[in-house]
There are 2 protein chains.
Amino acid sequence: MSCDTDSVAVLRRAEMKLTPQRLMVLSALRHAQGHLTAAEIFEQVRAAYPYVDISTIYRTLTALRTMRLVTETDMGSGDLAYEWVQERPHHHLICSGCHRVLELDHGYLERLGDDLARDLDFEADLHHFAIFGRCAACRPAAAPAASPGL
Amino acid sequence: MSCDTDSVAVLRRAEMKLTPQRLMVLSALRHAQGHLTAAEIFEQVRAAYPYVDISTIYRTLTALRTMRLVTETDMGSGDLAYEWVQERPHHHLICSGCHRVLELDHGYLERLGDDLARDLDFEADLHHFAIFGRCAACRPAAAPAASPGL
DNA sequence: ATCGCAACTGCAATCAGTTGCACAAGCGGA
DNA sequence: TCCGCTTGTGCAACTGATTGCAGTTGCGAT
């Protein structure tokens, strides 16, 4: 079964109309190694379909997100990061100092999700989190605890 | 010690210049019951100081966030929510169905923070998280597990 | 009190993302 | 194959947030 056939099946299952624009957005996302911004998706789709509008890209991404086929995450870069939902969720740690992005295994959020479900009957969307903070290299030595908060 | 004196002390400690605009932004935040949007802060400050510009509000909020005096959170409403940092962090669960906002005790994120520090030497900023998902009332009965992801 | 410097601000332009509207197109039913 | 209806799209305007620039101002040093 080819990728395009998969895309068709995905849209059918989601009861969304098959349009050339959507098929190309799906293709861009599914073939990507990692995250894409809306602008990157737009560029790729436009290469093959010059009539497409950026608002269509956003609408398609929003629809896919609603269908839980795509994650949308603010990675702190200024625009949102989109990614085809993977079988096992993963997350990122993002250092506010050096801006390095580390991948974080789902196990760390999995227990949080279990706790929220058990204690509060809340089904959290924990597909793709970005957690900001500071890595060891960027923390001041002997960080003073005088500041408010942590 | 009055609130204004506190604000002066806060800015001095942060080595930021004392400007009328900043003192008013601080005042708005510290007197707020809960979160405020940038537009709300702007309206309050402008009532007393008509010359202020919205870009100054954003710059001040960014500076305060950098100093960890204010939290900035995307609560999904369309604009960002700002709040004076409290002694004990708190978080929110936000239902994607009914848009109800529940307050979440820090204990749920505290362990996550501890794990990240211990295992990955990463000091996470876990002051004010918004976790999206679905409450019991909005989940379809017997939610099918066929969809990708959770 | 004055001066000079660096930080700060207002303004206008810009950007990423959203939305209303009118027209186009996908597709189910006949 | 055709038709009609509903969904989808392109366009332009809009919104929340950001940024470059020139002028203003807070404040430390004298």
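Because the structure is predicted, anything quoted here is derived from the model rather than measured. Scope of the values below: all heavy atoms of this structure, side chains included, with no hydrogens, waters or symmetry mates. In what follows, chains carry the letters A, B, and so on, assigned in the order in which the sequence lines appear, proteins first and then strands, with residues in each chain numbered from 1.
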Query raised in the report: Is Gln21(A) near enough to dA25(C) that one of its side-chain N or O atoms lies under 4.0 angstrom from OP1 or OP2?
Result: no

Query raised in the report: Just checking, is any N or O donor in the side chain of His128(B) or Thr73(B) under 3.5 Å from an acceptor N or O on the other one?
Result: yes

**Report entry** Donor/acceptor link under 3.5 angstrom from Arg22(A) side chain onto base of dG26(C)
**Finding:** no

Query raised in the report: Which whole-number value in Å describes the distance from Asp53(B) CG to dT24(D) P?
Result: 15 Å

Query - Over 12 non-hydrogen atoms of neighbours within 6.0 angstrom of CD in Glu15(A) - result: no

**Report entry** Length of the CZ-P vector between Arg46(A) and dT9(D), whole Å
**Finding:** 17 Å

Report task. Return the value, rounded to whole Å, for the distance between atom CE of Met24(B) and atom P of dG10(C). Result -> 10 Å

Report task. Test for a donor-acceptor pair under 3.5 Å between the base of dG10(C) and the side chain of Arg59(B), counting only N and O atoms. Result -> yes

Query raised in the report: Which value, rounded to the nearest 0.5 Å, describes the distance between Tyr58(B) atom OH and Glu72(B) atom CD?
Result: 9.0 Å

Requested in this report: Measure the distance from CG on Leu11(B) to C1' on dA7(C) and round it to the nearest whole Å.
Outcome: 13 Å

Query raised in the report: Which nucleotide in the set dG17(C), dT18(C), dA17(D) lies at the smallest distance from any side-chain heavy atom of Ala38(A)?
Result: dG17(C)

Query raised in the report: For Tyr58(B) and dA17(D), is the shortest distance between a side-chain N/O and OP1 or OP2 below 4.0 Å?
Result: yes

Query raised in the report: Heavy atoms under 4.0 Å, any strand shown: does Leu80(A) hit a base, just sugar-phosphate, or nothing?
Result: sugar-phosphate

**Report entry** Spacing between Glu72(A) atom CD and dA16(C) atom P, to the nearest angstrom
**Finding:** 15 Å

Query raised in the report: Between Glu15(A) and Thr37(B), who's closer to the 5' end of DNA chain D by nearest nucleotide?
Result: Glu15(A)

Requested in this report: Could you give me the CA-CA distance, side-chain angles and deciding distance for Arg111(B) and Leu112(A), then say whether side-chain contact (heavy atoms from CB on, under 4.5 Å) is met?
Outcome: CA-CA 9 Å; Arg111(B) 190 165 56 182; Leu112(A) 171 62; over 6 Å; no

Query raised in the report: Which residue, Ala39(B) or Tyr49(A), contacts DNA chain D at a nucleotide closer to its 5' end, judged by nearest heavy atom?
Result: Tyr49(A)

Query raised in the report: What about Ser55(A), does its side chain sit under 3.5 Å from the base of dC11(D) through a donor-acceptor pair?
Result: yes

Query raised in the report: Once you round it to whole Å, what is the distance between C1' of dT19(C) and CD1 of Ile54(A)?
Result: 14 Å

Query raised in the report: Among dC8(C), dG16(D), dG10(C), which nucleotide sits nearest the side chain of Tyr51(B)?
Result: dG10(C)

Report task. Kindly say if Thr19(A) contacts the phosphate of dT9(D), meaning a side-chain N or O under 4.0 Å from OP1 or OP2. Result -> yes

**Report entry** Separation of atom CD1 in Ile57(A) from atom C1' in dT19(C), rounded to whole Å
**Finding:** 16 Å

Requested in this report: Send over the distance from Met16(B) CE to dT9(C) C1', rounded to a whole Å.
Outcome: 13 Å

Query raised in the report: Lys17(B) or Val52(B): which one's nearest nucleotide on DNA chain C is closer to the 5' end?
Result: Lys17(B)

Query raised in the report: Between dG26(D), dG17(C), dC11(C), which nucleotide gets closest to the side-chain atoms of Asp79(A)?
Result: dG17(C)

Query - Note: Arg30(A)-Glu83(A) ion pair, threshold 4.0 Å (strictly below) - result: no

Query - Under-4.0 Å side-chain N/O to phosphate OP1/OP2 contact, Thr56(B) with dG10(C) - result: yes

Query - Atom pair CZ (Phe122(B)) and OH (Tyr108(A)), whose distance is rounded to the nearest 0.5 Å - result: 12.0 Å

